[in-house]
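Each ligand, and each atom within it, is numbered from 1 in the order the structure gives.
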Amino acid sequence: MITAPATDHRLLKCRTIDADFVVVGGGLGGTCTAITAARAGIKVVLIQDRPVLGGNCSSEVRLWVLGATSHMGNNNRWAREGGVVDEILLENTWRNPEANPVLFDTVLLEKAVSEPNLTLLLNTAVNEVLKDGEAITAVRGFNSQNSTTYEVRAPLFCDASGDGVVGFLAGAAFRMGAEAKEEFNEGLAPDQSYGELLGHSIYFYSKDTGRPVSFTPPAFALKDITKIPRWRNIKAQDMGCRFWWLEYGGRCDTVHDTEDIKWELWKVAYGVWNHIKNSGLFPEAANLTLEWVGTIPGKRESRRFEGPYMLNQRDVVEQRRFPDTVAFGGWSLDLHPADGVYSPKSGCNQYHSRGIYEIPYRCLYSRNVPNLFLAGRIISVTHVAFSSTRVMATCSHAGQAVGMAAALCTKEKLLPNDLSSGVHLANLQQELLRSGQHLPGKALREAADLVQQATISASSTLRLHALPKGGEPLPLDVPRAILLPLAAGPVPTMTFWIDAPQGGAVRLELRTSNRPDNHTPDIVLASQEVTLAPGLAQAVHVTFPCSIDQARYGFVCLFGSPDLRVHTSDHRLTGILSVACKGDAAVSTHGAQVAPPDAGVESMEFWTPQRRPGGRNLAMAFQPALAAFDASQIANGIDRPTNAANAWVADPVDHHPTLTCSWSQPHAIRRVELWFDSDFDHPLENVLMINPERASPFGVRRWRLRDASGRELAASDDQHLSRATVILDSPVITDRLILECGETHGGAPAAVFAIRAYA
Ligand SMILES: Cc1cc2nc3c(=O)[nH]c(=O)nc-3n(C[C@H](O)[C@H](O)[C@H](O)COP(=O)(O)OP(=O)(O)OC[C@H]3O[C@@H](n4cnc5c(N)ncnc54)[C@H](O)[C@@H]3O)c2cc1C
């Protein structure tokens with residue numbers, strides 16, 4: 001028994017922890033920051049004020065993690081971010097294709113606690129910062145669950161807390177609201193009538209109970225649904241993220257008024273549900289009950305901190321190049337009216353760039369607190385640029401750059417700004433690429449990678465003669481196209497097959513993009529009109545009288561009429577996709593972006609793929625065969641399709657696809673990395689969207705790695721991540737590494753983006 005004599009006062013139990021790097025805020029951005037740093041070998045403490053990780057994507061708030069893929073609704077092809085966030089999304093899809101938010105929590109928690117270098121403090125709210133001069137020396141926080149205060153000391157800190165509690169307390173320069181148009185020449189900078197801040201939202205989930213359920217609303221529920229100008233958009237089946245527009249608070253102080261905003265959002269959420277259940281307009285809702293209502297509002301915007309550079313609208317739209325690129329974005333510039341659910345205006349205004357844009361390292365640390373990194377929505381960007389960088393996969397990607405930078409700073413005893421140029425910056429970029437982070441225009445070049453000096457050979461290599469007919473023909477009610485990785489030089493002659501029961505005409509265009517690694521088909525290289533007599537499966541041959549300047553994707557576009565049908569193929573291949581110029585319910589309903597005058601954005605068409613299980617390739621033949629899948633590409637330092645397929649693809653008739661790296665002398669090899677095709681085009685939404693597959697149909701499921709003697713060094717029978725890392729207990733001395741690929745998850749021929757081998 002404990003007896004405690006009466007006393008004047010007592011102190012809470014206090015624990016002091018020393019670390020190399022402290023991350024405050026366990027949203028997805030903070031979590032990926034902490035995991036990246038821990039994997040890079042430094043001692044990390046991740047402090048999160050809530051019981052689970054994920055922030056807005058945890059089961060407490062339930063937003064789907066989005067990024068540059070933008071639900072596959074814009075022109076950013078193969079644009080999933082890579083790195084830790086990618087591993088998390090792939091693992092979640094493998095375990096949780098039904099997109100259960102509670103299971104997503106477990107994936108995140110497991111990833112964090114599996115890192116021996118990472119100490120996770122849950123339920124711990126940081127509310128004090130200690131400083132020595134300009135630098136932070138420690139943060140303090142309180143855990144109400146175990147009645148303990150923590151003091152966590154380190155040389156480096158990252159604020160990933162959403163509202164920027166550390167930066168605020170440490171005196172870091174910040175902004176809240178919108179910049180004037182003139183400051184950064186931003187055409188989209190809003191005025192007071194639109195409002196300068198995005199508001200919060202609270203979601204709800206419903207469930208069919210199989211029998212009628214009544215609903216009595218709480219007294220605080222909104223009674224008059226017409227207070228919501230868009231109330232006619234409410235649908236009984238909608239829930240969670242589909243109600244993103246139930247937003248409020250953009251005219252409040254989104255830091256300090258959050259509790260008031262939450263009450264208003266509860267009022268709206270229960271009012272909407274009352275409307276669904278009791279207005280009589282939704283008989284289909286009779287058996288539905290409220291399964292869950294958020295208790296923590298998702299916060300879109302509050303403070304943004306100033307780094308040495310502030311990314312702005314023009315950087316995003318013009319896809320400006322930066323020497324210190326360490327991440328990329330690709331979500332639209334997505335501004336919302338500050339009056340949110342009570343505004344008669346459209347819930348959002350989204351404008352996309354022609355491709356992904358770069359995020360420089362100088363946006364990721366405070367300009368005046370020398371040891372403070374920034375991650376998540378608070379990075380150094382203008383209000384307009386923030387409207388794009390704020391999505392969680394982008395937050396995570398930039399966070400990973402912070403995690404890696406923190407590890408390099410720790411090892412070299414540097415401060416964040418020391419990494420902004422020169423050899424340290426180059427090192428940071430290479431380390432990021434090595435960890436799977438895609439950086440536009442950058443390739444991994446590692447002297448230590450023995451495959452760079454190897455002779456690479458393959459049991460077979462796909463020479464694409466044809467994508468054979470087999471799938472259901474598709475009407476040419478919308479323009480359709482196939483994206484092909486074309487080499488510099490003449491374009492092969494191509495054949496399509498078209499049903500034209502009454503005859504007709506089809507126009508074929510060869511298009512490409514303004515930049516080699518963009519996938520917006522905005523430049524027409526050649527065009528040809530073909531008249532079709534009545535008949536089915538007519539072969540349409542096309543020879544475009546032009547040549548390609550450098551390796552880049554070509555779009556062969558077919559324009560016809562609804563009575564014409566183009567044949568499709570059941571064959572799926574790494575680096576080849578078919579798309580259509582049409583609207584996407586989740587992104588652009590019009591199939592095109594029309595730039596308003598003076599908005600500083602660009603008009604463009606959207607040519608987007610259909611989600612699987614649909615989304616078949618167009619059936620076609622090539623003369624000569626398309627040679628885009630050479631094994632040499634596994635050493636080119638790029639691990640996804642960009643301007644080329646960047647992959648070795650085996651011939652589909654090869655039943656034992658094998659890649660061999662050989663050297664003239666034996667080498668001692670300790671670590672090998674294999675990169676497979678996890679389909680970087682697929683967004684892998686973690687809630688609501690049921691994924692048709694647990695793993696990419698292009699991904700090799702089984703593989704074996706052998707040395708020159710045929711000895712098995714490592715193997716997997718359920719590979720579903722992009723990367724497999726093999727670390728041998730003792731180095732193997734060999735002059736050959738042989739990778740045998742078994743079947744892929746979805747019947748596509750085996751494909752490998754990279755093999756890397758290290759002593
Ligand atoms: C309604 C809504 C819809 C959105 N839609 C999407 C979408 O569909 N897809 C998408 O990707 N993005 C979406 N966004 C944007 C995205 O969710 C946010 O921009 C993103 O979550 C910001 O990441 P973050 O890590 O900075 O903040 P958060 O995700 O909020 O994470 C910050 C974490 O820090 C913790 N924290 C805060 N203070 C402290 C403290 N003092 N001590 C310790 N921990 C602390 C918080 O509890 C939280 O877990 C949406 C946002 C909202 C609100």
S.K.: Answer yes or no: is there a side-chain heavy-atom contact under 4.5 Å between P360 and V326?
M.R.: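 No, their side chains stay 4.5 Å or more apart.
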S.K.: Suppose we screen for ring pair (Phe, Tyr, Trp, His ring centres under 6.0 Å). Which residues come up paired with Y205, at least two apart in sequence or across chains?
M.R.: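 By the ring pair (Phe, Tyr, Trp, His ring centres under 6.0 Å) rule, Y205 matches W292.
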S.K.: Contact residues of ligand 1 with a heavy-atom cut-off of under 4.0 Å?
M.R.: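 Shell around ligand 1 (4.0 Å, heavy atoms): V24, G25, G26, G27, I47, Q48, D49, R50, G55, N56, L63, W64, V65, L66, T124, A125, V126, A160, S161, G162, V165, S201, Y203, G298, K299, R300, G376, R377, R390, V391, M392, C395.
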S.K.: Taking the side chain as every heavy atom from C-beta outward, state whether V23 and D159 have any atom pair closer than 4.5 Å.
M.R.: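 Side chain of V23 against side chain of D159, heavy atoms only: no contact under 4.5 Å found.
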S.K.: Are any non-hydrogen side-chain atoms of Q350 and L335 less than 4.5 angstrom apart?
M.R.: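 Sidechains of L335 and Q350: no contact.
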S.K.: Under 6.0 Å between the ring centres of F606 and H352?
M.R.: yes
S.K.: Between L222 and Y270, is any pair of side-chain heavy atoms under 4.5 Å apart?
M.R.: no
